[in-house]
Amino acid sequence: MEIFLTNTPSGKKEVFIPLEKGKVGIYTCGLTVYNYAHIGNLRAYVFSDILRRTLEFNGYKVKHVMNITDVGHLTDDADEGEDKLEKGAKREKKTPLEIARFYEAEFIKDLKMMNILIPQIMPRATEHVEEMIELVKKLQDKGFTYSAGGNVYFDTSKFNGYRDLAKLEKDPEKQISRVEKDTFKKHPFDFVLWFTRYKYDKHSMLWDSPWGGGFPGWHIECSAMASKYLGERIDIHTGGIDHIPVHHTNEIAQSECAFGHRWVNYWLHSDWLVVGEGEKMAKSKENFLRLKTLTDAGYDALDYRYFLLGAHYRKQLEFTYEALDGARNALKKIRNRAGELIKSYGDCFPEEPESEYIDDFTREVNDDLNTPRALAVMWEALSDNSLKEAEKLSLLRKFDKVLGLDVFASGDVKIPVEIEELIRKRETARKSRDFITADQLRKDIESRGYEVLDGKDGTKVRKS
RNA sequence: GGCGGCGUAGCCAAGUGGUAAGGCGGCGGUCUGCAAAACCGCUAUUCUCCGGUUCAAGUCCGGACGCCGCCUCCA
């Protein structure tokens, strides 16, 4: 079945055609590890995870690369910016590299909790400075750079398609910029490939280069690492919507000039998670929520994942606890159902079910990753009385490969003997119609984290 | 100034010309000693508003109002 993806340059859904049959390379712009990831960041990675899982669901062999930005980049490219890692280091009295490794580890923990498949390759910028220098040299040899004020700049006037991706104003005169002008630039849009001029005397992350000791510009790392691991032509590049105007625009310029041909076939971007009055979540604001904030409040990380899947990745999504509660209840229902199914059928179900629901599900997810509809298909299948229970079980298994909700999580939890004992006591009390004792015992059991389920064929317990 | 998005039930949200998915919540029922769970049923004559095109519009066009993002760093 064909897969359609919305390609940023055209703004339209396009049929996905891989460079090589049966294989896909994906490059995802990762996190700058100077602080914890917030739940908005996580939305972008759940999105790339769904992309990967969908491609694998369709039988593709996926090579997924996600970079770790552990070089401190300036907050802007004039001389005013602060280096984020230096800033974090100062804040926590550690070295920038300690900061980077700590937050990288925390980030990966969050990815795992969100049931995001860890990309096969996660290159660190600091370990690829040589490749970046090589790429800058290549651009220099081809005449796309100039040196000024100690920095090496990319000359955007030499690249015709500059800013096409973002459909931005090409005439600097008409451009309103909020950034202080860097007087060394020939053209306002030019950007730094290599810095030797920097603000801090004791900048601790410096590398030698043909242009002097310094550090790489931000954009060059993705071009260098992406081409190292995926080659000079790449199927899909993903990132947050914020990367379109600057980061990806510049990546395209330097990569296509260096390689001399088209670089990426499909650009996919996820929109913001917003909070309150449509306000985007940002680390600099008070509205910074971490995954830990949610789990400390008693939510499962995958409750949040379910919440994210309920909306399309290309639309702004408003985070509220009310909506998260809805997601939690829904996921719990599915897990309860899945738990019952697995208890009754265990391993006794068709591995590859044949069902129109598979087609429906695939169609939705292949339609630009329409997870809200995919979820709807799952719910319809669950409540379809013409399906056998074992079929539902295998459908759930199958769907969860894409959704990644770990629906069988609460499958077979052993009930402790003391709980069993309380259940028996309660049964005795109920038979003698001593409901006061029975209700007290029920409360007792519930306070220990188990639910009492009275049914036609006796009482059951499950972990709540 | 330029570019772009959004406005669908109490909440989240799908839907890109054919007569309003799904989930949560709420209500009613079955079951239960009661409750919970589970299951079943109901829950938007209507998609911010006003015009237009069309046999047909939430979907296309024009306009109004409201909200938001980007053109600095950001997922």
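Order of the sequence lines fixes the chain letters, A, B, ..., with proteins taken first and strands second; residue numbering starts at 1 for each chain. Scope of the values below: all heavy atoms of this structure, side chains included, with no hydrogens, waters or symmetry mates.
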Touch class at under 4.0 angstrom, heavy-atom based, for A:Pro372 against every strand present: base
Aromatic plane relationship, A:Phe16 with A:Tyr266 - under 30° parallel, 30 to 60° tilted, over 60° perpendicular: tilted
Rounded interatomic separation in angstrom, taking CD from A:Gln440 and P from B:G33: 20 Å
Ring geometry between A:His237 and A:His248 (parallel below 30°, tilted from 30 to 60°, perpendicular above 60°): perpendicular
Base paired to B:G58 (Watson-Crick or G-U; both N/O distances under 3.5 angstrom): none
Touch class at under 4.0 angstrom, heavy-atom based, for A:Arg363 against every strand present: nothing
Sugar-phosphate, base or nothing in reach of A:Asp454, heavy atoms under 4.0 Å: base
Watson-Crick or G-U wobble partner of B:G41, both distances under 3.5 Å: B:C27
Atom-to-atom span, CG of A:Asp271 to C1' of B:C74 - whole angstrom: 13 Å
Separation of B:C12 P from A:Arg328 CZ (nearest whole Å): 17 Å
Any A:Lys315 side-chain nitrogen or oxygen under 4.0 Å from OP1 or OP2 of B:G7: yes
Given B:G15, B:A75, B:C12, the nucleotide with the shortest approach to the side chain of A:Arg373: B:G15
Residue-phosphate contact under 4.0 Å: A:Lys333 side-chain N/O, B:C24 OP1/OP2: yes
A:His243/A:His269 aromatic ring centres below 6.0 Å: no
Rounded interatomic separation in angstrom, taking CG from A:Leu324 and P from B:G25: 13 Å
d(CD, A:Glu318; P, B:G23) in whole Å: 22 Å
Parallel, tilted or perpendicular: rings of A:Tyr321 and A:Phe319 (30°, 60°): perpendicular
Rounded distance (Å) that lies between atom P of B:G4 and atom CZ of A:Arg314: 15 Å
B:C24 phosphate, OP1 or OP2, under 4.0 Å from A:Trp379 side-chain N/O: no
Aromatic ring pairing A:His247/A:Trp218, orientation class (parallel under 30°, perpendicular over 60°, tilted between): parallel
Residue A:Glu380, side-chain atoms from C-beta onward, closest of B:A21, B:C12, B:C34: B:A21
Given B:G33, B:C11, B:A38, the nucleotide with the shortest approach to the side chain of A:Phe435: B:G33
Watson-Crick or G-U counterpart of B:C34, or none if no pair lies under 3.5 Å: none
Touch class at under 4.0 angstrom, heavy-atom based, for A:Phe47 against every strand present: nothing
Sugar-phosphate only, base, or nothing, as touched by A:Leu317 at under 4.0 Å among non-hydrogen atoms: sugar-phosphate
hbond_proxy A:Arg442 side chain to B:C34 base (donor-acceptor, 3.5 Å cutoff): yes
Pairing nucleotide - B:U48, Watson-Crick or G-U, each distance under 3.5 Å: B:A64
Base-pairing mate for B:A14 - Watson-Crick or G-U, with both contacts under 3.5 Å: none
Touch class at under 4.0 angstrom, heavy-atom based, for A:Val377 against every strand present: nothing
Distance test, side-chain N/O of A:Asn370 to OP1/OP2 of B:A14, below 4.0 Å: no
Selected nucleotide, minimal atom distance to A:Pro245 side chain, candidates B:U72, B:C70, B:C12: B:C70
Among B:A36, B:G33, B:A75, the one nearest A:Leu453 by side-chain distance: B:A36
Sugar-phosphate only, base, or nothing, as touched by A:Ala323 at under 4.0 Å among non-hydrogen atoms: sugar-phosphate
Distance in angstrom units between A:Tyr357 OH and B:G22 C1', rounded: 13 Å
Working for ring pair (Phe, Tyr, Trp, His ring centres under 6.0 Å), residues A:Phe107 and A:Tyr45: CA-CA 11 Å; A:Phe107 177 46; A:Tyr45 304 115; 5.2 Å; yes
Per A:Ala438 side chain, nearest of listed nucleotides B:A14, B:G22, B:G33: B:G33
Charged N-O contact under 4.0 Å between A:Asp359 and A:Arg363: no
Touch class at under 4.0 angstrom, heavy-atom based, for A:His312 against every strand present: sugar-phosphate
Touch class at under 4.0 angstrom, heavy-atom based, for A:Glu446 against every strand present: nothing
Between B:G23 (P) and A:Glu322 (CD): distance, integer Å: 17 Å
Selected nucleotide, minimal atom distance to A:Arg337 side chain, candidates B:A75, B:G33, B:C39: B:C39
